[in-house]
Amino acid sequence: MPDTRTLLIDAVRRALDAIGVDAAFEVVVERSARPEFGDWSTPVALGLARILHRAPAAIAADLAAHLEAAQVPRVRAWTVTPPGYINAHLDDARWAAAVLASATVLEASGTLDLESAAAGKTLVEHTATNPNKAAHIGHLRNACIGDTVARVLRRTGHVVEVNNYIDDTGVQVADVVVGIRELGIEQMPDEPFDQYCSRVYIAISARYETDAALLERRRAVLREVEEGGNATAVFVKDLARRIVNAHLVTMRRFDIAYDLLTWESDIIGLGFWRQAFELLRESGAIVLAESGKLAGCWVMPAETAEDDSDDDTKVLVKSDGIATYTAKDIAYQLWKFGLLGRDFNYVPWGDDPALVTTATVPRGDAPPAHFGHAQRVINVIDARQAYPQRVVQRALRRLHHEREADNSIHLSYEVVALTPAAAAELGIEIEEGRDSVALSGRRGIEVRADDLLDRAIARLSANARDAATATVVAAGAVRYYLLKFSLNQIIAFDFDDALRVTGDTGVYLQYAHARAAGILRKVADDALPVDVPSALHPAERELLHSVEAYARALTETAHALSPSLLTTYAFGLAAAFSDFYEHTPAIVREEDPVIRRFRRGLVAATRATLADALHTLGMAAPDQV
RNA sequence: GGCCCCGUAGCUCAGUGGAUAGAGCAGAGGUUUCCUAAACCUUGUGCGCAGGUUCGAUUCCUGCCGGGGCUACCA
């Protein structure tokens, strides 16, 4: 059943047809600015005034007459207000009943086919934290965005595959290897492995400044890793596996999971890059630079012949023969679309039955391969990597994969930075004149994801009914905090904001859900048909509008790939419910059976909708807190 | 220099080509014989500046100012 807004847009469209307005004229219908105007309003008459050479109010009156005559379902009356708005006043009995019925369906159905099923699979790559250190809140922002986007897409009927890319042949892992070998730093008793590696990473990064010879050691490590089949490669693989396991445990605490772990070393080991290199070379997409500062490198030249500045020339193979990260990413992107003509080997990861990892060597218990071959690829990567992502897209275009290039989405988001207050709390000096400092694992400027969650749990434990509740509410609170900012807004991280338990927080949403669930526990469902009372309380109207808006909020979130749209919606729904809760009499003591039944139904619809929104955001919807 | 992002209330942020631009926090003051007060209510002279497009611009365009990022044989 269409929602009221869609119904009204169609009705206005037909009224416009009736007075001969071009079908291309855009119909806007929005919530009325003030309740006394109505429930929904359209400004179409304003825009038509010039086209029709008539006063807006006169056009509005004509249209209102047509709408009145059309007997639009769920609409009780049409009015016109200056300077020419047309307002719909809803027939509460029919509208409210429809909203409650839809929300009940929502609860019953497993998936919500809101998108007319874009054919094919969407592959979402997220997290992709370098396996050389503990995950911090910057990595967690990435994971929360990616995980939520995947959930939203699945909820709206898409087929989704989630990859977590493991960059185990890159510079950052090599740094830790050099650090462990050269600096003699020991793991402390009780020190988690990922935190130990973070410590080594910070130490070796500082040492490079004074000991350039160490950089040569790093080059040697990288070469051995790329060649494979030696002790260093085995050492790195083991180190990376241990870090990846730590990352998976961390992310699991936030209910973040993956379908497939893809290893950069397999892209090298299985010849993906070799294959991609040949394709790129044969097509002329990359060339060997023979002179200049890039002599000896295989590079992808600039976008256009005119713009041949070095600025836009990207090195894919360094003069020492080692492929850059971007090069391997091109091979990976080709694989994601099924364009490489090669596939990974797949083996289960540990004892998690739902998680598969790529492997260089096949194994007997390999799960059936159903990975890759995506229609659309979404790479969740921070805004600083926009340039290399453009190079990946450009590579697809140069190989004449236009459609796949168009369907390669860099889902860019801004970084997390520390406010001066947060930096001070961590004992980090902030540069004079700056109002924030960027996170940096390399420099130890960070808030570890696990530490933040532990602090949130500690903060919530005092008021939660038990430890398990505190844990899920804390995880939800941290997720909500990292999701509520627009993607292109830098998060100015502040401990007070992130750990707050009142106001616009995940805790508020979960508390509202628990309140609704509490009412449903105490007010029995008499299973009789729900009638709508003759007069709705303003808070009831707002809550009904908010419940009804869920489907649209979901589809808009899916289209924009922007989780903050959904957090904003969910907060609005929870606030509307709190307002209803505070400003209408307690249902448990309601004597009138019609009102009691209706208001219980409204609470049930709210709870179901809020639970659905919370789950789609990757948050728990506890019945009690 | 080129490209990208940001600039809305004291602070952190939503928001929209339409009728009086919203939240949270911080500050002040209130609400509990009542379904969980992690709540609710009261308290607010704010869209960086200047042009342009438009019936209508905080929203779109151009320029400028301020801040951040990218522009590596790192990722």
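Every chain is numbered from 1 and lettered A, B, ... according to where its sequence line falls, protein lines coming before strand lines.
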Inset, instruction - Determine, answering yes or no, if A:Phe571 is stacked on B:A23 under the 5.5 Å centre rule and the 30° plane rule. - result: no
With sugar-phosphate meaning primed atoms plus P, OP1 and OP2, does [X] contact a base, only sugar-phosphate, or nothing at under 4.0 Å between heavy atoms?
X	result
A:Ile490	sugar-phosphate
A:Val625	base
A:Thr505	nothing
A:Thr169	nothing
A:Asp329	nothing
A:Pro388	base
A:Val501	base
A:Val171	sugar-phosphate
A:Ala464	base
A:Asp494	nothing
A:Gly572	nothing
A:Asn488	sugar-phosphate
A:Ala386	nothing

Given [N], is OP1 or OP2 found less than 4.0 Å from the side-chain N or O atoms of [X]?
X	N	answer
A:Arg599	B:C35	no
A:Lys484	B:U12	no
A:Gln489	B:G68	no

Inset, instruction - Report yes or no: is there a donor-acceptor pair, N or O only, under 3.5 Å between the side chain of A:Thr81 and the base of B:A19? - result: yes
Rounded to whole angstrom units, what separation is found between the [atom1] atom of [X] and the [atom2] atom of [N]?
X	N	atom1	atom2	answer
A:Leu566	B:A14	CG	P	15 Å
A:Arg394	B:U71	CZ	C1'	12 Å
A:Arg390	B:C5	CZ	C1'	12 Å

Legend entry - Closest to side chain of A:His583, choosing from B:G24, B:C41, B:C73: B:C41
Legend entry - A:Arg141 to A:Tyr481 six-membered ring, cation-pi geometry met (6.0 Å, 45°): no
Polar atoms only, N or O, under 3.5 Å: list the protein pairs with nucleotides 26-30 of chain B and their distances.
none

